[in-house]
Structures are given as structure tokens and as C-alpha cells.
Amino acid sequence: MEKPIRRFQNFRWENTDLLAYKEEGSAPFKAITRQTLFCDPALHAELRYFDVSPGGYSTLERHEHMHAVLILRGTGTCLVGDQVYNIAANDLVTIPAWTWHQFRAEPVSHLGFLCMVNVDRDRPALPTVDELKALQSIPTVAAFLKGG
Ligand code: MN
């Protein structure tokens with residue numbers, strides 16, 4: 001049986017693999033790692049920790065399943081729908097179904113966050129050229145996507 005306690009040190013947890021964010025080349029992302037903290041069939045949920053290095057970002061995507069996010073460290077920005085928000089440690093972020101979202105670390109700060117998802121979930125969809133154009137037509141979103 002797995003030990004009931006896995007100690008934390010420097011944003012790594014004992015006996016927990018440091019994984020690639022997702023398969024390289026499958027979608028745009030930069031400087032982000034994943035640790036799956038809890039993944040037990042009895043929970044029907046997974047809790048993951050993502051660490052975004054300074055200047056890094058998660059994939060701009062949307063999907064049917066929702067995300068429940070707790071920012072654990074650092075500062076950054078996130079896109080939820082067509083709104084951009086500043087985020088910092090201990091903020092909670094809800095990503096509803098079929099809502100565009102992306103997390104970006106600041107140029108000088110890591111951004112670390114917990115993300116809870118259903119075990120049974122659909123694959124993320126990336127924006128089409130037209131969908132990306134529509135997002136970029138909103139000035140605050142365009143600046144966010146450029147990393148501004
Ligand atoms: Mn997502």
C-alpha cells in the first residue's frame with residue numbers, strides 16, 4: 001500500500017513522478033510540468049499539480065469537463081472565457097465546461113496550481129483559426145495571448 005503521507009519539499013512531493021505537462025507536440029505550451037497527486041478510482045477525480053516556470057504557459061483550450069483550480073504559489077494571469085485575471089497564491093479559479101482557458105506565469109515568477117478534474121473526461125479542443133481570431137479581436141485577450 002502507498003504510504004499515507006508523502007512529504008512536500010520545494011514543490012515536489014515524495015514518491016510522485018515529475019511528468020511532462022502533456023505529450024510534446026500535441027498542443028502549444030511552454031515550460032510546464034505535472035505531478036499527479038491523487039488518482040484513485042474510488043475518488044472519480046484526479047488532483048494534479050502544475051508548475052509553470054517564469055514566462056511559461058499552459059495550452060489554450062476548452063472541453064466539456066470542468067476544472068477546479070487552487071493557485072498554490074507565485075503570480076500570473078489566466079484567461080477564462082473572454083476575461084483575463086491576475087492570479088496569486090490561494091486564489092480559486094473555476095473553469096466551466098466549454099470555456100476557453102489558459103494559465104500564464106509572470107516573466108519573473110513561477111506559477112503553481114492544483115487542478116481537480118473528473119477521471120472520465122473528454123480530450124481538450126484547441127481553437128480553430130477563426131476561434132483564435134475571435135479571441136484576438138478582444139484587446140485584453142490579444143495582449144494576454146502575446147504574453148503582454
Ligand atoms: Mn483544460
Side-chain angles (χ1 to χ4, degrees), residues 6 8 10-13 15-148:
R6 286 168 287 157
F8 169 91
N10 196 26
F11 294 90
R12 292 293 315 277
W13 284 265
N15 302 322
T16 303
D17 291 334
L18 185 67
L19 303 168
Y21 168 63
K22 51 178 73 165
E23 198 181 317
E24 198 67 47
S26 61
F29 61 86
K30 184 182 174 187
I32 176 167
T33 60
R34 174 168 57 98
Q35 292 171 79
T36 300
L37 306 181
F38 294 98
C39 178
D40 189 307
L43 285 172
H44 307 294
E46 286 180 20
L47 187 65
R48 303 88 50 83
Y49 173 75
F50 294 97
D51 198 284
V52 192
S53 293
Y57 50 83
S58 65
T59 301
L60 173 63
E61 62 180 31
R62 65 177 184 168
H63 35 67
E64 224 252 288
H65 64 275
M66 72 172 291
H67 291 311
V69 171
L70 167 62
I71 310 301
L72 263 199
R73 74 151 155 174
T75 52
T77 50
C78 69
L79 176 73
V80 183
D82 58 7
Q83 299 284 317
V84 177
Y85 302 92
N86 293 316
I87 43 177
N90 301 313
D91 287 341
L92 298 172
V93 185
T94 302
I95 311 290
W98 293 117
T99 304
W100 294 115
H101 57 281
Q102 186 176 48
F103 290 85
R104 287 178 173 267
E106 286 189 349
V108 294
S109 170
H110 277 256
L111 178 70
F113 58 92
L114 299 173
C115 178
M116 185 167 64
V117 287
N118 199 296
V119 169
D120 300 314
R121 58 186 183 276
D122 58 325
R123 291 185 68 86
L126 305 179
T128 63
V129 170
D130 285 347
E131 286 168 338
L132 191 57
K133 272 187 194 158
L135 285 166
Q136 287 167 335
S137 73
I138 305 161
T140 50
V141 176
F144 169 87
L145 294 173
K146 274 194 292 190

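First listed ligand is number 1; within each ligand, the first listed atom is number 1. Fair warning: this is a prediction, and the values are worked out from it, not measured in the lab.
Partners of R12 by salt bridge (charged side-chain N to carboxylate O under 4.0 Å, His left out), not counting sequence neighbours: none found. Listed by chain and residue number, nothing satisfies the ring pair (Phe, Tyr, Trp, His ring centres under 6.0 Å) test with F38 (two or more places apart in sequence, or in another chain).
The N, O or S atom of E61 lying closest to the Mn ion (ligand 1) is OE2.
Relative ring orientation between F11 and W13 is described as perpendicular, the plane-to-plane angle rising above 60° on a 0-90° scale split at 30° and 60°.
Residue side and main chain included, C115 places no N/O/S atom under 2.8 Å of the Mn ion (ligand 1).
Taking the ring axis of Y57 as reference, the NZ or CZ atom of R104 stays within 45° of it and closer than 6.0 Å to the ring centre.
Annotation: angle subtended at the Mn ion (ligand 1) by H63 NE2 and H101 NE2 is 90°, to 10°.
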